[in-house]
Amino acid sequence: YLLLGRWRKKHLTFRILNLPSTLPPHTARAALLQAFQYWSNVAPLTFREVQAGWADIRLSFHGRQSPYCSNSFDGPGRVLAHADIPELGSVHFDEDELWTERTYRGVNLRIIAAHELGHALGLGHSRYTQALMAPVYAGYRPHFKLHPDDVAGIQALYGKKSPETEDEEEEMELPTVPHVPTEPSPMPDPCSGELDAVMLGPRGKTYAFKGNYVWTVTDSGLGPLFQVSALWEGLPGNLDAAVYSPRTQWIHFFKGDKVWRYINFKMSPGFPKKLNRVDPHLDAALYWPFNKKVFLFKGSGYWQWDELARTDFSHYPKPIKGLFTGVPDQPSAAMGWRDGHVYFFKGKQYWRLNQQLRVEKGYPRDTAHNWMHCRPQTSDNTPLGGNTTPSGTDNSAIGTNLDTTSSAIDTTLN
Amino acid sequence: RTLGPSGKEEAVDYLLQYGYLQKPLEGPDDFKPEDIMEALRAFQEASELPVSGELDDATRARMRQPRCGLEDPFNQKTLK
């Protein structure tokens, strides 16, 4: 065995962020829970599931494109899963695999999950081809149990599980958070076209926020919906505004009279802070690359904020229409996008502004159809992409839908 | 890309991706044949295949099997 790292604590929390579509949820969950047990049976480790907020180990399924993982997967076969070593805690499975349980068909989720948890706990790959930590999947084994090399490896990291520690451990075990459905609050429908906030985030990813959830908008469809707090720990849902500034790498989220600051997914110390120099309950925020300023909107007014200087707000708020010609008051969201245009969203519609910050002809248009890949006027209004693989989506069609000269958007989106 | 009959390039990708082969820090990007053979030998030994250093069918088939995305620490030189 090879040791790659170690947790400095033996009581770890975990969170299952989503499940594969090829297994009933309860079967998939049981397989993942059993995977933890292989390790807690042989080492003084305990694992407690949490349904919200931060967890040491986070399990999720993603496909070829994932805004949260730099290692994309490769479709059915070949790479099945990967995981970070301690103390990072991410465990990812390829959602395109045929995940199964108690059958020789497909790939056994329990065994692969136990393997990846081995990595998450600090084990590297084993030279024994029949060991759980062998790099190549040896197929489903009805009476699967850990190989002596696996046990030796985990005990080299965390010690042995002796009977008395067992008792002691059990007493110490925290009560498991009562099981609640993995989606504690109603999931919004991206095809409603209504947004709380929208943001062009780091690495050019476009995020849409609604209620307690966030998803990415890509040229091939929508990313899976995640709870906001699953990505940005400590962030509440139902945001007022969100803005990312490439100038400072800061992401600011606004809600009520508070502002949160993150760098990527890590909250900056001292936040949230109280908003005291601009009005609470903002409507929207955007970053405009042309003057490298952040604009905050509320009602019919806006503030222009220089993040790196002490801005004199005495002349603010100024009328929105004075600078942004043709946009509605009280926008629900706004962003400067990577095509150089500024977009305002309100209700189910959006407005596009040119570089002179003037709304272009032909606006407003329908957000659900043009941004969320929703099919218009069909009874089944599920968005293309997202949890369903886009079927036969013609990018150039998307390009033309995402109004502007298709070549501009095509190049941008594609 | 599937490991087709030639498959040499894909095999080198596989050896590189999983830590059997390491890109030289300086100098040309392509690998010396003896480095590739050494990496193949390490892979064949770890896979309990006949160790020949040659890209034979059994080695190709092994490279096609589903697996974990992390690297393998089996080539002592690259591991070091």
Side-chain angles (χ1 to χ4, degrees), chain A residues 1-5 62 66 69-85 88 90-94 96-100 105-109 111-120 122-140 153, chain B residues 1-23 31 35-80:
Chain A
Y1 57 84
L2 176 70
L3 305 181
L4 299 177
H62 70 77
S66 165
C69 174
S70 54
N71 281 328
S72 56
F73 284 122
D74 50 13
R78 287 180 296 172
V79 178
L80 301 173
H82 52 227
D84 287 330
I85 55 174
L88 294 171
S90 295
V91 176
H92 295 167
F93 303 90
D94 186 348
D96 292 329
E97 304 300 342
L98 176 61
W99 295 107
T100 57
R105 262 181 342 106
V107 179
N108 186 270
L109 177 58
I111 293 176
I112 297 302
H115 174 101
E116 297 306 326
L117 285 174
H119 287 318
L123 289 180
H125 283 151
S126 165
R127 294 211 53 142
Y128 293 93
T129 54
Q130 288 307 304
L132 169 65
M133 294 313 293
V136 173
Y137 174 50
Y140 172 65
Chain B
R1 287 169 300 177
T2 56
L3 286 178
S6 69
K8 186 111 185 309
E9 201 186 309
E10 287 82 357
V12 170
D13 278 351
Y14 184 100
L15 296 170
L16 188 62
Q17 179 176 357
Y18 295 115
Y20 293 91
L21 204 54
Q22 205 163 32
K23 269 224 169 59
F31 298 100
D35 284 341
I36 294 176
M37 285 189 78
E38 184 183 349
L40 272 172
R41 270 199 291 276
F43 175 73
Q44 287 163 339
E45 188 182 349
S47 306
E48 296 175 358
L49 295 172
V51 180
S52 63
E54 297 298 328
L55 182 62
D56 55 30
D57 285 348
T59 305
R60 276 204 205 90
R62 185 69 173 178
M63 287 183 175
R64 276 199 291 273
Q65 284 192 325
R67 60 160 292 157
C68 171
L70 269 66
E71 289 189 356
D72 303 340
F74 303 146
N75 183 336
Q76 286 309 312
K77 197 166 86 172
T78 51
L79 178 61
K80 228 182 254 100

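So that the names make sense, note that chain A is the first sequence line, chain B the second, and so on, each numbered from 1.
Gln17(B) is listed as a side-chain neighbour of Val79(A), based on a closest heavy-atom distance under 4.5 Å. Between Leu70(B) and His125(A), the closest side-chain pair of non-hydrogen atoms falls below 4.5 Å. Looking at Tyr18(B) and Val136(A), their side chains never come closer than 4.5 Å, going by heavy atoms from C-beta outward. Looking at heavy atoms from C-beta onward, Tyr137(A) lies out of side-chain contact with Cys68(B) at the 4.5 angstrom threshold.
The shortest non-hydrogen separation linking Ala46(B) to Thr129(A) is O-CG2, 3.5 Å. Closest heavy-atom contact between Ser126(A) and Phe74(B): O-CZ, 3.1 Å.
To the nearest 0.5 Å, the span separating NE2 on His115(A) from CZ on Arg67(B) amounts to 8.0 Å.
Contact annotation for Glu97(A): neither backbone nor side-chain heavy atoms come within less than 4.5 Å of a heavy atom of chain B.
Annotation: maximal heavy-atom pairing with chain B below 4.5 Å, among Gly139(A), Pro76(A), Ala83(A), occurs at Ala83(A).
Heavy atoms from other residues, nucleotides or ligands lying under 6.0 Å from OH of Tyr128(A) number 12 at most.
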